[in-house]
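So the structure is just underneath, and the comments pick up after that.
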Amino acid sequence: MTQSERKIRSLEELGISTTILKKLQEMGITTLEALAVANPQELSQNLAIPLPTIQKLISQARMALGLSFKTALEIKKERMSLPKITTGSKNLDSLLGGGVEVKTITEFFGEFGSGKTQLCHQLAVNVQLPIERGGLSKKAIYIDSEGTFRWERIEAMARGVGLDPDKVMENILYVRAVNSDHQMAVIEELKDLIPKENIGLVVVDSVTGHFRAEYPGRENLAIRQQKLNRHLHQLMSLAELYDVAVVITNQVMARPDVFYGDPTTAIGGHVLYHAPGIRVQLKKSRGNRRIARIVDAPHLPESEAVFVITDVGVRDPE
Ligand code: GTP
Ligand code: MG
């Protein structure tokens with residue numbers, strides 16, 4: 001299916017009867033996205049509608065969202081045309097293949113002070129830039145699990161890119177996640193909020209903190225991993241279905257004994273290993289310099305980028 005054929009944008013436009021629409025609404029299915037990923041058996045039972053009819057509806061929703069078969073060329077065109085958000089550093093942008101991409105999870109991982117939170121702040125500002133300046137002209141959602149969000153930094157970074165600080169702050173929807181269950185519940189809420197608020201970026205800083213604290217040690221590893229996988233899956237479908245960039249952070253302790261080889265062997269590093277997306281390792285360097293490196297991305301070159309954290313935000317070194 002080509003882009004031009006994808007005109008249906010709501011359940012109403014699928015031509016569903018109002019009675020069924022109402023029942024769907026009662027079940028919390030108010031968008032094409034929600035219908036596309038609904039369980040057909042469950043729907044069929046709850047709505048007392050034959051399974052084949054439901055299956056047809058679901059497949060129409062999927063077609064409308066472009067979730068059915070595509071040619072490789074179509075995929076290429078789609079990926080190439082995906083908008084990107086600038087990080088503020090050209091070096092880092094080119095390492096990422098142009099910037100932080102929508103429909104993708106980008107993970108920044110590294111030790112304390114490596115710049116994960118600063119990058120999240122910067123992206124929450126930069127997503128608001130017009131497209132010609134490397135933004136999406138959209139708002140950001142900031143889910144803070146560690147209490148390290150600082151409006152002062154947003155204000156400074158907004159000034160740094162020449163945007164009105166108050167407007168920029170108004171366009172960042174902030175929520176403090178108090179535990180892992182809350183963090184997951186917040187993501188569920190986003191399914192309504194993203195289309196309503198014109199969101200282009202969802203930040204989760206950090207994605208792992210609560211899970212680590214609540215399920216400590218080796219003995220809890222399996223359950224922690226299971227729950228975290230569910231969370232990542234939630235985030236993946238957000239990115240894919242709602243056309244947003246998802247940026248997550250993960251604190252990984254540096255292991256002085258491991259200089260080369262797989263950095264994900266660092267403590268807690270394996271958590272996100274199996275989730276698709278782009279993983280960027282951040283390392284502290286001299287002064288305000290930071291080094292970024294892409295990990296496990298077969299389609300991107302193995303190289304490094306150097307950026308700096310300044311008073312006005314993330315930049316290239318002088
Ligand atoms: P953890 O959350 O502890 O794992 O660290 P992190 O990777 O999130 O580090 P973060 O992004 O918070 O980086 C902190 C660093 O950013 C500080 O050590 C400073 O070097 C730099 N930084 C933070 N605020 C400012 C500021 O206002 N001006 C300047 N020049 N640098 C800042
Ligand atoms: Mg941080």
Side-chain angles (χ1 to χ4, degrees), residues 85-89 91-93 95-96 100 105-127 140-163 165 168-169 172 174-180 183 201-213 216 228 235 245-256 263-264 266-272 278-295 304-318:
I85 309 167
T86 179
T87 59
S89 153
N91 293 349
L92 184 52
D93 284 353
L95 184 79
L96 294 168
V100 167
I105 297 187
T106 304
E107 175 197 345
F108 292 109
F109 73 100
E111 60 181 316
F112 73 93
S114 57
K116 303 181 293 292
T117 298
Q118 294 303 308
L119 272 166
C120 291
H121 281 65
Q122 188 72 60
L123 288 163
V125 172
N126 289 2
V127 67
I141 284 172
Y142 203 107
I143 302 168
D144 182 6
S145 71
E146 310 197 317
T148 53
F149 179 82
R150 297 286 175 272
W151 61 265
E152 293 90 337
R153 288 300 282 150
I154 297 294
E155 199 171 49
M157 289 173 176
R159 288 215 176 89
V161 293
L163 293 177
V168 167
M169 288 191 278
I172 297 175
Y174 172 89
V175 57
R176 174 90 162 92
V178 295
N179 58 33
S180 66
Q183 193 170 313
L201 167 73
V202 175
V203 167
V204 189
D205 181 27
S206 85
V207 79
T208 42
H210 285 313
F211 293 83
R212 289 226 183 95
L228 196 49
L235 291 168
V246 172
V247 169
I248 61 181
T249 70
N250 179 22
Q251 197 196 60
V252 171
M253 279 179 238
R255 275 184 38 180
T264 58
I267 301 160
H270 277 298
V271 265
L272 309 179
I278 295 184
R279 312 188 61 217
V280 187
Q281 187 189 20
L282 300 179
K283 276 188 284 193
K284 285 190 262 194
S285 180
R286 201 159 31 86
N288 63 350
R289 287 178 174 242
R290 298 292 185 275
I291 301 167
R293 193 167 77 99
I294 304 271
V295 177
E304 291 186 340
V306 179
F307 66 93
V308 293
I309 306 171
T310 73
D311 284 349
V312 290
V314 173
R315 293 291 184 276
D316 282 320
E318 297 266 295

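One-based numbering, in listed order, for ligands and for the atoms of each.
The 4.0 Å heavy-atom shell around ligand 1 contains residues E111, F112, G113, S114, G115, K116, T117, Q118, E146, R153, Q251, R290, I309, T310, D311, ordered by chain and number.
Put simply, the side chain of R153 gets close to the backbone of D311: a donor and an acceptor are under 3.5 Å apart. Between the side chain of Q183 and the backbone N or O of V207, at least one donor-acceptor pair lies under 3.5 Å.
Distances under 2.8 Å from the Mg ion (ligand 2) pick out the protein N/O/S atoms T117 OG1.
Legend: residues meeting side-chain hydrogen bond (donor to acceptor under 3.5 Å, both in side chains) with T106, ordered by chain and number and at least two apart, are absent. Shown here are the side-chain hydrogen bond (donor to acceptor under 3.5 Å, both in side chains) partners of S145, two or more places apart in sequence or in another chain: there are none.
Residues F112 and K284 are in side-chain contact: their nearest non-hydrogen atoms beyond the backbone lie under 4.5 Å apart.
Residues N288 and R315 have side chains that never bring a donor and an acceptor to within less than 3.5 angstrom of each other. Of the N and O atoms on the side chains of T86 and N126, not one donor lies less than 3.5 Å from an acceptor on the other residue.
Between F149 and H121, the two ring planes are parallel [angle under 30°; tilted spans 30° to 60°].
Listed here is the closest heavy atom pair of F108 and K116: O-CD, 3.5 Å.
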